[in-house]
Amino acid sequence: MRFYLTTPIYYVNATPTLGNAYTTAIADMLVRHQRQRGVDTFFLTGVDEHATKVWRVAEEQGLEAQEYADRIAVPWRELAPRINAEVDFFIRTSDDGHKRFVREFLQRIYDNGDVYQDVYAGLYCVGCEAFKTEDELTPDGLCPDHLVPPEWIEETNYFFRLSAYQDRLLALYDERPDLVRPDFRYNEARSFIAGGLRDFSISRAGQPWGIPLPWDESQVAYVWADALVNYVSALTYARPGEDLRDRYWPAAHHVLGKDILRFHCVYWPAMLLSAGYEPPQQLFVHGYLLLDDRKISKSAGNAVDPLDLIDVYGADALRYWMARAISFGHDGNASVEGIRERYENELANDLGNLLSRTTAMVAQYREGSLRRGDAEPPLDLGALGADVAARLDRFDVTGALDAVWEGVRALNQYVTAEAPWQLAKDPANDARLDGVLYNLVDGLTALAVALAAFLPETAPRILEALQQSDDLSWGRVRNGVAEEVGGIEAARPLFPRIELPQAAA
RNA sequence: GGCGCCGUAGCUCAGCUGGUCAGAGCGCUGCACUCAUAAUGCAGAGGUCGGUGGUUCGAGCCCACCCGGCGCUACCA
């Protein structure tokens, strides 16, 4: 089994937002989970650097474009580690390996007869880095966002014959109903294709910053002809001396936001087909994490620096909140206050306190020694594990976490139902008390393993407090894996109370 | 305009192919318990499942229309 997962490459000339952190964190959960199941995984993220604006800003600051790009790529490279995302490779489109491959890739499309020359013309707003149609402008003919007149640009570009791929794309969609998820995104993409496809330009002239086309060095590859290709190019040089394409392509799963659905679900597969590659295995389109009802983005002006939230609650807590607050795949409302509530109610009170009370009882009633006693386990942990795995196979991150949490709640209920403090009063209950304590430790052990993909920092701490193996193999999500051990001490709070819930916003 | 989605308890949302589907979590109230990070457990809270009219023995779940909100309708990360 192979599982290759990608996030979009982020536009470098901006600051990482919570939305970017969201995509990266969720993707990381999916990869970590597959890894626990013994699947051969590869996780890719990175940045897109070849935008006109990057070059222009660099010029304004008197820097070489590459030098400027090197500088602004830093916070992006730090994003994944800061939210506990473990990526296998961080790609930059200015990497030599990427540039080399893009040229090779485009050459194949060219050789296949899918590229032709034509004139592209339109009103272009430099601030937006986009062509504008007249109805997108203000009555005065200005860009509504930047209030400046757009420039009329007319240039000869190369176009990709997307229109020639309509039938093949429809056939692809028909034979693979799960190519795009969720299903409503599949429908959206398919109906777009069915509506007729227009060719799109893949180059820009007169720009020194970018990847020169192999057959015409005076033009550079335009955004999608450059950026999308990263998903394959990375495999050719991420591991020096190794070509990972055979290993991970087409086992690719692309995670992306709904705003770039068309490019990923239509352009990309067509480009791959043209270049002689298999389409990716799956595209998962997620929605927006709306903060206080507004989309989190730089343009909305309410960007939250995810690093600030991490400093207050910790990366695991932030991951947890992002996965649980809204149903993955749909848009959803969330709030900063919600982070605090999740942290206190669920992480601290439900999970953290469960560990505290469990370890405290083992320490107090059994001097830290765990023995298999005589008591039926309250949970079918194997079934729970199967449920979680099945949900994650469907990218149902939110539902998976929900399922684990039912286990957490069930164990808390079990404590109340069995009342170990009552059992401890009478030696006649020894075997039962042992059994109850064992079931708690055993359940918590399995749940820790099940949670490891979501809470990579916390799960090992739970296992350590329980004196259990740090092995995170998915097979350990079942009953009876806990070892009879000694030396269990009352654990320190997993998620301590936070003093200042205010610094978050 | 066309295609599609959504509107379910104060809040955020589950509800697959129609018949325990009127639910979960949070918030709120009361009770229980003491192992635990003043944590946990239990119970309750009486929501015309946006509106109207249909189909059906029976409809949040099917159909029509209406009201309200939204997405896509092409070259923007």
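Everything numeric in this text was worked out from a predicted model, so none of it was measured. Letters A, B, ... are given to chains in the order of the sequence lines, protein chains preceding strands, and every chain is numbered from 1.
For His254(A) and Phe284(A), the gap between ring centers reaches or exceeds 6.0 Å. Ring centroids of Trp405(A) and Tyr320(A) are separated by less than 6.0 Å, placing the two rings close together. Checked against the 6.0 Å centroid threshold, Phe200(A) and Tyr267(A) count as a close aromatic pair. Remark: aromatic rings of Tyr173(A) and Tyr186(A) are close, center separation under 6.0 Å. Annotation: His50(A) is not in aromatic contact with Tyr222(A) [ring centroid separation under 6.0 Å not met].
Taking the syn range as angles within 90° of 0, the glycosidic angle of G10(B) is outside it, so the base is anti.
The same atom, P, is picked in A39(B) and in U29(B); the two are 14 Å apart, to the nearest Å. The separation of U17(B) from G60(B), taken at their P atoms, amounts to 15 Å, rounded to a whole angstrom. Remark: the separation of the C1' atoms in A36(B) and C28(B) is 25 Å, to the nearest Å. One P atom belongs to C42(B), the other to G50(B), and the distance between them is 30 Å to the nearest Å. Taking the C1' atom of each, C61(B) and C16(B) are spaced 10 Å apart, rounded to whole Å. Of the C1' atoms belonging to G51(B) and C75(B), the separation is 42 Å, rounded to the nearest Å. When the C1' atom is compared between U20(B) and G15(B), the two are found 14 Å apart, to the nearest whole Å. One C1' atom belongs to C63(B), the other to U56(B), and the distance between them is 12 Å to the nearest Å.
When the P atom of G71(B) is taken as reference, atom CD of Glu188(A) falls 11 Å away, rounded to whole Å. Rounded to a whole Å, the CZ atom of Arg262(A) is 7 Å from the C1' atom of C75(B). At whole-Å resolution of the value, CG in Asp183(A) and P in C3(B) are 19 Å apart. Protein atom CZ of Arg185(A) is 11 Å distant from nucleotide atom P of U73(B), rounded to whole Å. Between the CD atom of Gln413(A) and the P atom of U40(B) there is a distance of 12 Å, given to the nearest Å. If you take CG of Asn20(A) and C1' of A77(B), they are 9 Å apart, rounded to a whole angstrom. Arg190(A) has its CZ atom 24 Å from the P atom of G71(B), to the nearest Å.
In this structure, Phe184(A) reaches neither bases nor backbone, as no heavy-atom distance under 4.0 Å exists between it and the strands shown. Using a 4.0 Å heavy-atom criterion, one finds that Ile260(A) contacts no nucleic acid atom at all. In this structure, Ser201(A) reaches the bases: a heavy-atom distance under 4.0 Å links it to at least one base atom across the strands shown. No engagement by Trp405(A) is indicated, since no non-hydrogen atom pair under 4.0 Å with the nucleic acid exists. Note on Asn412(A): only backbone sugar-phosphate atoms sit closer than 4.0 angstrom, heavy atoms only; bases stay farther off.
Stem regions for RNA chain B, each three or more consecutive Watson-Crick or G-U pairs with both distances under 3.5 Å and listed by first number, read B:1-7 with B:67-73, B:10-13 with B:23-26, B:28-32 with B:40-44, B:50-54 with B:62-66.
At least one donor-acceptor pair closer than 3.5 Å links the side chain of Arg319(A) to the backbone N or O of Phe454(A).
Considering Asp48(A), Asn230(A), Asp70(A) as possible partners of Arg92(A), the one that fulfils the side chain to side chain donor-acceptor pair (under 3.5 Å) test is Asp70(A).
Here U73(B) is the nucleotide among G71(B), A39(B), U73(B) with the atom lying nearest to any side-chain atom of Phe192(A). Nearest nucleotide to the Val415(A) side chain, out of A77(B), C35(B), G41(B): C35(B). Nearest nucleotide to the Arg497(A) side chain, out of A74(B), G71(B), A39(B): A39(B). Counting only heavy atoms from C-beta on, Leu197(A) has its side chain closest to A74(B) among A77(B), C75(B), A74(B).
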N/O-N/O pairs, protein side and nucleotides 13-15 of chain B side, under 3.5 Å:
unit_1: C13(B); atom_1: OP1; unit_2: Asn333(A); atom_2: N; d: 3.4
unit_1: C13(B); atom_1: OP1; unit_2: Asn333(A); atom_2: ND2; d: 3.4

Write out a two-atom table: protein N or O, nucleotide N or O from nucleotides 24-33 of chain B, distance below 3.5 Å.
unit_1: C26(B); atom_1: O3'; unit_2: Asn345(A); atom_2: ND2; d: 3.3

Please list, pair by pair, any protein nitrogen or oxygen found under 3.5 Å from a nitrogen or oxygen in nucleotides 6-10 of chain B.
none

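Applying the side-chain contact (heavy atoms from CB on, under 4.5 Å) criterion to Asp396(A), with sequence neighbours excluded, gives Arg391(A), Arg394(A), Thr398(A).
Less than 4.0 Å separates RNA chain B from at least one heavy atom of each of the following residues of residues 351-367 of chain A: Gly352(A), Asn353(A), Ser356(A), Arg357(A), Ala360(A), Met361(A), Gln364(A), Tyr365(A).
Relative orientation of the Phe160(A) and Tyr165(A) rings is parallel, given thresholds of 30° and 60° on the angle between their planes. Classification of the Tyr22(A)-His286(A) ring pair by plane angle, with boundaries at 30° and 60°, yields perpendicular. The aromatic rings of His264(A) and Trp224(A) sit perpendicular to each other, their planes meeting at more than 60°, with 30° as the lower class boundary.
Nearest heavy-atom pair, Thr156(A) versus Gln219(A), reported as atom, atom and distance to 0.1 Å: O-NE2, 2.5 Å.
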